[in-house]
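Accompanying notes for the structure given below.
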Amino acid sequence: MLAAAEVKKLESVETNNTSSNSHGDSFQRQGQSAAATASPAATLPPIPSSVVVGGGSNSTSYELAHFEPVRILTNNSTHKTVSLLGHFSNLSRDEYAIVVLEKTAFTEKQLRNPVTTANSDVETSRISESEQQNATAADGKSFFSAKSQLRTEFVNDIYGNFLCVTDPEINQLKTTIIYPATEKHIVKFEAQARYLVEETAEDYQTVTLPHLEKEQLSLEWVFNILEHRKEKERIVYEDPSDETGFILLPDLKWDGKTVEQLYLLALIRKRGIKSLRDLTPAHLPLLRNIKDRGCEVIKSRYGIGADQLRIHLHYQPSFYHLHVHFTYLKHDPPGINAEKSHLLTTVIGNLELVPDYYQKVTLPCVLRESDNLYKKITAVKGETKEPEAKRARK
Ligand code: G7M
């Protein structure tokens, strides 16, 4: 909870009540462990007020009590996420940190416990196959216990509104911390005007590609995963083949446990394939392998069939090392919209029909106003827009 004085300090920005601020990406400190992304512990140690990440001389202590918010970057009521820009006063006032808080989804276990139903045996065996290995401390808890209190808002006839105060273990916030955050990270998270740009094949060759060669977000976190330096314990499946291999692991946005929000990422082992634009029929075995093996593994581990999965790629991606997103059809995370998402099945189909499809096609993409790529492409097209802030002042 922010202290009143700190809240006053916040330079409030426009609240984003839509899913439009769907940064299909969030990041973690280069060279640090995924421990920065809080996940519930399997047993119940006292909840620490700080977390030490990294090791030896590189260790950093994230203490939320020392986080001094400077600005709200986004507040998305659809995804129940808020991104705050600030400083950890115990670390450095010269470096920025971004703290992303997300209210987590209900898990069916928490809602079922301790209630037993007629088919509870069937249910339990289905869960034990898919979820038991991912059980969390919070899963053992229930909303329906003596620890849950109901505070009455009002009661009118048979209708009642209450606020439920639950056990803290089932009222956790998924927290992502980026430290130190660069200007590019801040731009990524900031609520700002976004525009749909139609990138032709020529735009890609003359503007996007040179831009990427000059400036793009670091791929260090990807190579850390591929070389087993980070997130090793989170790997769900690995195919070591140089040509068609990949690593499947939970996306940063997923705690890896709440199956209702399943979100896995397949990172290809082969280097140098930046995005959809590089794909040719030579990559069909790789793409088919990701689809087939990814679906098999998800079915056996989480009990979710291929017909319940949205398997897709982003254009533009945030990170230019080819990767495929696996998301649960029931869950609508950021980055699944038509203007950003390309279903893997469609990508495979396009390459089967037209070998140089992705080298020729015009690809629409959404870019932020302050993104240099947006400025460069619109300059070439002669479409540069006035910044939104300036328009608003008129
Ligand atoms: O938009 P794009 O297709 O580039 O999406 C990249 C994905 O990578 C996003 O869904 C991010 O949440 C995810 N991601 C980003 N980082 C920095 C990490 C990370 O360090 N670990 C994992 N597991 N996923 C990440």
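Note that ligands are numbered from 1 as they come in the structure, with each ligand's atoms numbered from 1 the same way. Excluded from the calculations below are hydrogen atoms, water molecules and symmetry mates; all remaining heavy atoms, backbone and side chain alike, are included.
The ligand atoms of ligand 1 that sit less than 4.0 angstrom from a heavy atom of F319 are 4 (O), 6 (C), 15 (C). Heavy-atom proximity to P250, at under 4.0 Å, picks out these atoms of ligand 1: 23 (N). Close contacts of ligand 1 with K253, meaning ligand atoms under 4.0 Å from a residue heavy atom, involve 9 (C), 10 (O), 11 (C), 12 (O). If you number the atoms of ligand 1 from 1 as listed, the ones under 4.0 Å from a heavy atom of R234 come out as 23 (N).
Only the side chain of E231 comes within contact range of ligand 1, with a heavy atom under 4.0 Å; no backbone atom does. Proximity of W221 to ligand 1, defined as any heavy-atom pair under 4.0 Å, is confined to the side chain (atoms from C-beta onward).
Between Y328 and Y302, the distance separating the two ring centers is not shorter than 6.0 angstrom. Checked against a 6.0 Å centroid threshold, the rings of H325 and H323 count as neighbours. When ring centroids are compared, F67 and H87 stay outside the 6.0 Å threshold.
For atom 7 (C) of ligand 1, the choice among I247, I178, D251 with the nearest heavy atom turns out to be D251. For atom 6 (C) of ligand 1, the nearest non-hydrogen atom from the set H323, K188, H185 belongs to H323. With distances taken over non-hydrogen atoms, the option nearest atom 8 (O) of ligand 1 out of L265, N224, L219, L267 is L265.
Not a single N or O atom of L249, backbone or side chain, sits closer than 3.5 Å to an N or O atom of ligand 1. Note: no N/O pair closer than 3.5 Å links I225 and ligand 1 by distance alone. Checked against a 3.5 angstrom limit, the closest N/O atoms of Q316 and ligand 1 fall outside it.
The only option from I298, L264, I247 that meets the side-chain contact (heavy atoms from CB on, under 4.5 Å) definition with V236 turns out to be L264.
Every heavy atom of Y320 sits 4.0 Å or more from the atoms of ligand 1. Residue H325 places a heavy atom under 4.0 Å from ligand 1.
For the residue pair T208 / H211, no side-chain donor-acceptor distance below 3.5 Å is found, with atom types taken as modelled.
Under the 4.0 Å criterion applied to side-chain N and carboxylate O atoms, D292 and R288 are not assigned as salt-bridge partners. Looking at K147 and E169, no side-chain N of the basic residue comes within less than 4.0 Å of a carboxylate O on the acidic one, giving no salt bridge.
Of the possible donor and acceptor atoms, none in the side chain of D157 sits under 3.5 Å from a partner among the backbone N and O of Y159. Between the side chain of T81 and the main chain of E102, no donor-acceptor pair closer than 3.5 Å is present.
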